[in-house]
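In this text the structure is predicted, and so the values were computed from the model without any measurement. Note that these values count all heavy atoms, side chains included, but never hydrogens, waters or copies made by symmetry.
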Amino acid sequence: MGEESKAELEGLLEAIAAGQERTAVLTVLRGGPAPGGAGQGGEAGTDAVVTAQPMLGDDEPGGLLYVRVALPPSERYQDPGLMRRALMDDPLTRFGASLDLDQSARGLVDVIVPHYCTTASVLVLESLVAADEVHAESGSAVLRRIAVTSDDRNPMWTATFPVGEVLIYPEGTPYREVLDTARPVHLPHVDVGAASDIARRWRRHPVSDLLTGVSMVLLPLIAKDTLLGFIACTRVPGFRKFDAYDVEIGMEFASRAAIVIDNARLFSRERATALTLQRSLLPNRLSAPSSVEVRHRYLPGSKLVEVGGDWYESIALPGARVALIVGDVAGHGVRAAVTMGRLRTALHTLANLELPPADALHVMHELMIELGEQEPHFATCVYAVYDATTGTIEVASAGHLPPLLVSPDGANDYLTIPPAPPLGVSGGAAIESREFTVEDGSVFVIYTDGLVENRGRDIDDGLARLQNIFGPGSTERPMEDLAKATLAGVYADHHRDDIAVLIARLNRLPEDRRASWTLPSDPAAVRRARGLVRSRLDEWGLGDLTYTTELLASELITNALRYAPNDPIELRLLFERTLVCEVLDRSAALPRLRHAADDDENGRGLLVVSQLAHRWGTRRTAAGKVVWCEQTVPGIDPDPSEPASSWPGESHHRE
């Protein structure tokens with residue numbers, strides 16, 4: 001003991017005599033010269049943790065002193081058995097449980113330092129980081145340094161060898177040799193000449209100072225006969241130099257670590273493939289009537305959760321209507337993404353066929369049942385159609401969370417939809433829809449369960465949080481701010497599922513942009529309709545479209561008179577980005593386009609409509625059907641592009 005520690009030692013001995021246990025940090029002397037004390041007979045001092053424990057018995061009371069002293073640098077790597085046990089037993093199991101490449105690399109260097117060396121860095125092929133296919137490459141391969149650590153408290157190591165650096169090592173260096181040979185490179189002692197040569201070839205001068213006097217070993221990472229990268233290990237001067245047995249231990253560790261790195265690579269590649277597939281299947285832009293403003297957000301699951309099957313859709317429909325859809329395929333991975341793509345394509349087609357929401361989801365349910373014969377699948381979905389001419393929204397749900405409707409006065413509530421099982425699940429109630437009247441300026445929110453549910457929060461708390469976001473005053477906020485607010489605080493959840501959110505601000509089409517007339521079931525209604533169309537187009541400044549629109553209206557009304565001769569007919573004009581002419585009658589029979597023969601006296605009306613209109617179609621209503629046609633308006637783009645400040649997929653968030 002040093003002189004200054006003898007008083008504390010006396011206190012420990014007194015505690016033993018009193019039958020007490022006590023611990024103190026004392027200075028103990030080693031049998032070597034103290035730093036800077038060479039030639040003066042000094043002795044090296046170091047701190048020791050000393051624990052005094054009393055021993056009780058029939059004889060004189062005594063005690064035990066446990067003295068714990070750290071090994072000096074020269075003895076740190078003396079025991080190969082201890083080194084092997086520290087590297088091979090628990091650590092590999094611990095950091096090998098992660099499938100994240102960066103996290104695995106950090107765990108690797110934290111194990112190898114301090115048990116094997118004083119500094120270490122992990123370098124892997126750049127193609128591995130990019131989740132590409134890894135091929136056998138030569139020494140000129142592009143590498144990325146993904147982890148660096150040291151325990152000598154010298155910041156120059158991390159400054160000279162920064163994490164994230166992408167580089168190609170120069171020829172004539174040991175780093176190039178390990179890549180060319182795929183064998184370990186052992187440099188027992190790097191003298192000043194060798195260190196200077198590496199620094200000169202690399203054109204990185206601090207390398208010379210760092211490597212002078214070190215002992216170095218480069219351990220290749222090889223999995224399935226493919227070189228993935230290497231681990232650079234060094235022991236700074238003052239520590240035992242690497243020998244052949246150390247290289248053998250290091251290679252055993254590197255071979256196991258390579259398996260961990262390769263598993264992380266395979267997982268990253270599969271996840272990147274699924275994520276790319278999913279993003280390619282999601283829409284890059286959304287369409288809606290001019291009176292409806294739509295925003296979306298899509299956030300993939302965290303790296304600890306595989307890609308899921310969430311999707312969203314906003315589809316502008318004829319007659320100033322819009323289909324708003326959000327769905328979630330059960331499961332994760334490529335299969336869920338592929339199923340999501342199938343469902344989205346099918347729903348897009350059904351929306352364009354103008355099926356009501358409940359009917360569309362029923363068709364989707366039958367499709368999922370058919371797909372389930374090959375491989376079980378099920379999905380939840382909410383489907384809404386908003387009519388900007390009547391201000392009503394029809395909603396149907398298949399096992400999905402309820403939509404949130406926010407009124408202009410700030411009141412919000414989750415809509416009550418008739419319950420139905422998820423798509424693909426047999427049994428249960430039939431899918432039904434419900435219609436709601438919506439005030440102008442209301443906000444409609446549909447979402448997937450990842451937004452309101454996670455492992456540490458009850459779903460009721462998540463639903464309450466969403467209601468608080470869309471509280472009083474929210475309908476007056478910019479839509480982009482509302483979209484950002486919905487995802488606030490979800491990024492830190494490392495077990496987060498993927499999230500899809502669709503937000504729509506609903507407004508009716510202005511009254512001066514729509515006109516509707518009820519006409520009697522009389523041939524004279526055709527002439528009256530032409531006069532009404534002419535007058536309204538003059539008011540809208542669309543005189544160039546008068547002749548064509550009159551002809552189209554005449555043909556549609558004539559068709560309605562043929563199939564519904566005893567019921568009134570409704571004619572409607574809508575001036576939005578396009579000019580839409582609609583004729584509503586009480587007949588459920590849908591007209592069919594056919595080519596009349598030369599001697600036929602009728603059957604050419606819809607052919608004329610298809611030739612003159614930009615688009616035309618039909619849809620059933622509760623009372624009958626609607627036949628519509630659409631014309632482009634000179635100077636107005638019928639399919640406007642995204643705002644100049646955005647880019648496709650801007651709202652597909654990445655981490």
> Working to the nearest 0.5 angstrom, can you tell me the gap between Thr345 OG1 and Glu313 CD?
9.0 Å

> Between CZ of Phe378 and CG of Asp328, what distance do you get to the nearest 0.5 Å?
9.0 Å

> Is there a side-chain contact (heavy atoms from CB on, under 4.5 Å) between Ile636 and Phe575? Walk through the geometry before answering.
CA-CA 11 Å; Ile636 299 179; Phe575 177 27; 4.2 Å; yes

> Dump the intermediate steps for side-chain contact (heavy atoms from CB on, under 4.5 Å) on His348 and Ile315, then the final yes or no.
CA-CA 8 Å; His348 204 285; Ile315 309 169; 3.6 Å; yes

> So, do Glu582 and Glu570 sit near enough that their side-chain heavy atoms are less than 4.5 Å apart?
no

> Do you know which two heavy atoms are closest between Arg505 and Gly441, and how far apart they sit?
CG-O, 4.2 Å

> Is Tyr414 atom OH crowded by more than 12 heavy atoms from other residues, nucleotides or ligands, each under 6.0 Å away?
yes

> Minimum heavy-atom separation for Leu415 and Pro402, please, with both atom names.
O-CB, 3.5 Å

> Given 3.5 Å as the limit, does a donor-acceptor pair link the side chain of His365 with the main chain of Leu423, or not?
no

> Output side-chain donor-acceptor pairs under 3.5 Å for residues 519-526, partner residues at least two apart or in another chain, one line each.
residue: Ser521; atom: OG; partner: Pro565; partner atom: O; Å: 2.2
residue: Asp522; atom: OD1; partner: Ala524; partner atom: N; Å: 2.9

> Do Asp359 and Tyr383 have side chains that approach each other closer than 4.5 Å (heavy atoms only, starting at C-beta)?
no

> Identify the two heavy atoms, one from Asp310 and one from Tyr298, that lie closest to each other, and give their separation to 0.1 Å.
O-CE1, 4.1 Å

> Test your reading of the model: is there a side-chain donor-acceptor pair from Glu394 to the backbone of Ser433, 3.5 Å cut-off?
no

> Can you see which heavy atom on Thr389 is nearest to which on Gly319, and at what distance?
CG2-O, 3.8 Å

> Measure the OG1-CG distance between Thr392 and Asp387 for me, rounded to the nearest 0.5 Å.
5.0 Å

> Does the Thr548 side chain pair with the main chain of Leu545, one donor and one acceptor, at a distance under 3.5 Å?
no

> Less than 4.5 Å apart, side chain to side chain, heavy atoms only: is that true for Leu286 and Tyr312?
yes

> Grab the two heavy atoms, one from Ala488 and one from Arg465, that are nearest each other, plus how far apart they are.
O-NH2, 2.8 Å

> Does the side chain of Ser474 come within less than 4.5 Å of Val406's, by heavy atoms?
yes

> Can any side-chain N or O of Arg514 pair as donor or acceptor with the backbone N or O of Leu509 at less than 3.5 Å?
yes

> May I ask you to decide if Thr416's main-chain N or O and Arg434's side chain share a donor-acceptor pair within less than 3.5 Å?
yes

> Given Glu366 and His362, is the side-chain contact (heavy atoms from CB on, under 4.5 Å) satisfied, shown in steps?
CA-CA 6 Å; Glu366 296 296 330; His362 177 73; 3.6 Å; yes

> To the nearest 0.5 Å, what is the distance between SG on Cys581 and CG on Leu537?
9.0 Å

> Closest approach of Ser407 and Thr475, non-hydrogen atoms and distance?
O-CG2, 3.4 Å

> Between Ser291 (side chain only) and Asn507 (backbone N and O only), is there a donor and an acceptor less than 3.5 Å apart?
yes

> Using the rule given for salt bridge (charged side-chain N to carboxylate O under 4.0 Å, His left out), can you reason through Arg295 versus Glu480, listing the C-alpha separation, both sets of side-chain angles and the distance that settles it, and then say yes or no?
CA-CA 7 Å; Arg295 289 292 185 277; Glu480 196 65 24; 3.1 Å; yes

> Restricting to pairs with a member in residues 528-543, which pass side-chain hydrogen bond (donor to acceptor under 3.5 Å, both in side chains), not counting sequence neighbours?
Arg530-Ser554, Arg534-Glu550, Arg536-Glu539

> Between Val445 and Asn412, is any pair of side-chain heavy atoms under 4.5 Å apart?
no

> Are side-chain heavy atoms of Thr448 and Asp498 found at a separation under 4.5 Å?
no

> For residues 626-634, please give each side-chain donor-acceptor pair under 3.5 Å, one per line with the distance, not counting sequence neighbours.
residue: Trp628; atom: NE1; partner: Glu354; partner atom: OE2; Å: 2.9
residue: Trp628; atom: NE1; partner: Gly617; partner atom: O; Å: 3.3
residue: Glu630; atom: OE1; partner: Arg615; partner atom: NE; Å: 2.9
residue: Glu630; atom: OE1; partner: Arg615; partner atom: NH2; Å: 3.2
residue: Glu630; atom: OE2; partner: Thr578; partner atom: OG1; Å: 3.1
residue: Glu630; atom: OE2; partner: Arg615; partner atom: NH2; Å: 3.2
residue: Gln631; atom: NE2; partner: Thr549; partner atom: OG1; Å: 2.8

> Quick one: CZ on Arg527 to CG on Leu532, what's the gap to the nearest 0.5 Å?
11.5 Å

> Does any non-hydrogen side-chain atom of Lys625 lie less than 4.5 Å from one of Asp585?
yes

> Verify, without hydrogens or angle tests, whether Arg508 (side chain) and Thr390 (backbone) share a donor-acceptor contact under 3.5 angstrom.
yes

> I want to check something: taking the side chain as every heavy atom from C-beta on, are Tyr447 and Val326 in contact at a cut-off of under 4.5 Å?
no

> Looking at Ser287, is its backbone amide N or carbonyl O close enough to the side chain of Ser314 to form a donor-acceptor pair, meaning the two atoms are under 3.5 Å apart?
yes

> With side-chain contact (heavy atoms from CB on, under 4.5 Å) as the test, would you mind laying out the steps for Leu343 and Met368 before giving the verdict?
CA-CA 8 Å; Leu343 295 185; Met368 289 293 287; 3.4 Å; yes

> Roughly how far, to the nearest 0.5 Å, is the CZ atom of Arg342 from the CG atom of Leu367?
8.0 Å

